[in-house]
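The structure appears right after this line, and notes come after that.
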Amino acid sequence: MTFAEYNNATLQAPDPGQIARRLERWFARHQRPLPWRNGYDPYHVWVSEVMLQQTRMEVVLPYFERFVARFPTLQALAGATEQEVLAAWSGLGYYRRAKMLRAGAIEVVARFGGTVPSTVDELLTIPGIGRYTAGAIASVAWNRHAPIVDGNVARIVSRLFAIEHSLGTPALMNAAWQRATELVDACKTPRAFNQGLMEVGALVCKPRNPSCLLCPVANDCVARATGRAGELPRPKVKAETRELSIALYLITDRKGRVLMRRESGPLMNAMYHLPHGDTSLLTGSPLAAARGELLGTFRHTVTTRRIEFSVYAGAVKQHPRGEYAWIDPEALHDVPHPSYVRKALRWLP
DNA sequence: CAACCGTGGTT
DNA sequence: TAACCAAGGTT
């Protein structure tokens, strides 16, 4: 027997069935109690998956509870106005998600009789549902053998199988989807397996300092066997952030209402913004206003833009028309608005 | 396919 | 504190 043959005979080939069983068993014992795991109502699973896109679970929880209380059924969501849905989403970010979720609910009512589809192919035809979310709804809500790859899964499989590609590259994602497919095909309960994979990613196989001693598949992990669990996956190259300054105007009427404007551009469409002196980020048309005293400044980061906001008192020279509206600060929760608005209103008289 | 979309918590 | 990040989708 040659050395290579000896190695091939003794090195354990990764066994997808064994990995899947260990993750399913671990999930049964260690899963966190989350509201959308309560009965796995497909509508609730859908809402949770969209909210969780690029958003931490702890941030999502209160939004999810409020959202399903406000829109208890898929039919209720489909019957709501875009304003109402965006208002419930305010502060959560990526506001296109909310608009597509509502559009998707309307489509499911029209095309699927109000029942969330259970196949990946059907789910992919719904706005806001891509490859990941389709697999998540099919497997978590309907217990179908559909693979999923999110940030957690990409990280875990890159360690389990010692994949060298950098995070965020198509090469890593392709390899991860292939591995995720093999694994979910070998599992018994896709709902438990897929969530187990992500839950291990969130609680154990963390980006930094993975807790390999707590990991149910540590013995299957090639990165751990070679002492590189903390080194993989290789980091991604990040986009540069740009600096930007924007002047905001706090303009109130006699009743204490604040002047805001409904944006209609591609960015944060249909959200209400404060009047501002910048047209590169926001799309407001010039407002005939006088700039008063500087009330304060604050910083706010929007994706790749780092913005220094300066808040000025202001006064309108003529009655604003069109998309402008006077908003009662007490009723802000009914008005769709990005988070910087709330920060700026701190300087209200 | 690379760039873009929001936010707040963590390090 | 600045960088990094979190259950992606769309264009």
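Protein chains get the first letters and strands the later ones, always in sequence-line order, with residue 1 at the start of each. We use all heavy atoms of the structure for the numbers below, so side chains are in, but hydrogens, waters and symmetry mates are not.
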Got a list of side-chain donor-acceptor pairs under 3.5 Å for residues 126-140 of chain A, not counting sequence neighbours?
unit_1, atom_1, unit_2, atom_2, d
Y132(A), OH, E49(A), OE1, 2.7
T133(A), OG1, Q53(A), NE2, 3.1
S139(A), OG, G135(A), O, 2.8
S139(A), OG, A136(A), O, 3.4
S139(A), OG, N194(A), ND2, 3.0

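Across the protein-nucleic acid pair, E58(A) atom CD and dT10(B) atom C1' stand 11 Å apart, rounded to whole Å. Rounded to whole Å, the distance from CG on L101(A) to P on dG6(B) is 15 Å. Put simply, CE on M100(A) is 11 Å from C1' on dT11(C), counting in whole angstrom units.
Here L34(A) lies in heavy-atom contact (under 4.0 Å) with a base. Note on S48(A): nothing from the nucleic acid sits closer than 4.0 angstrom, heavy atoms only. Using a 4.0 Å heavy-atom criterion, one finds that G201(A) contacts no nucleic acid atom at all.
At least one side-chain nitrogen or oxygen of Y95(A) sits closer than 4.0 Å to the OP1 or OP2 atom of dT7(B). Between R131(A) and dA7(C) there is no side-chain N or O to OP1 or OP2 distance below 4.0 Å. Side-chain N/O atoms of S339(A) include none lying less than 4.0 angstrom from OP1 or OP2 on dG6(B). Look at Q54(A) and you'll find a side-chain N or O under 4.0 angstrom from OP1 or OP2 of dG8(C). Note on T133(A): every side-chain N or O is 4.0 Å or more away from OP1 and OP2 of dA7(C).
Relative to the six-membered ring of Y40(A), R191(A) meets both conditions, a distance below 6.0 Å and an angle of at most 45° to the axis. By the 6.0 Å and 45° rule, R66(A) stacks over the aromatic ring of Y63(A).
For dG9(C), the paired base is dC4(B) (Watson-Crick or G-U wobble, both distances below 3.5 Å).
Here the options are L294(A), L250(A), I251(A), the test is side chain to side chain contact (heavy atoms under 4.5 Å, CB included), and the partner is Y312(A); only L294(A) passes.
Residues R97(A) and P170(A) both approach DNA chain B. Their nearest nucleotides, taken by heavy-atom distance, put P170(A) toward the 5′ side. A residue-by-residue look at V59(A) and G93(A) shows that G93(A) has its nearest nucleotide of DNA chain B further toward the 5' end.
Listed candidates were dG8(C), dT11(B), dG9(C). Nearest to the side chain of R96(A) is dG9(C). In the set dT7(B), dA6(C), dG8(B), the nucleotide with an atom closest to the side chain of P338(A) is dT7(B).
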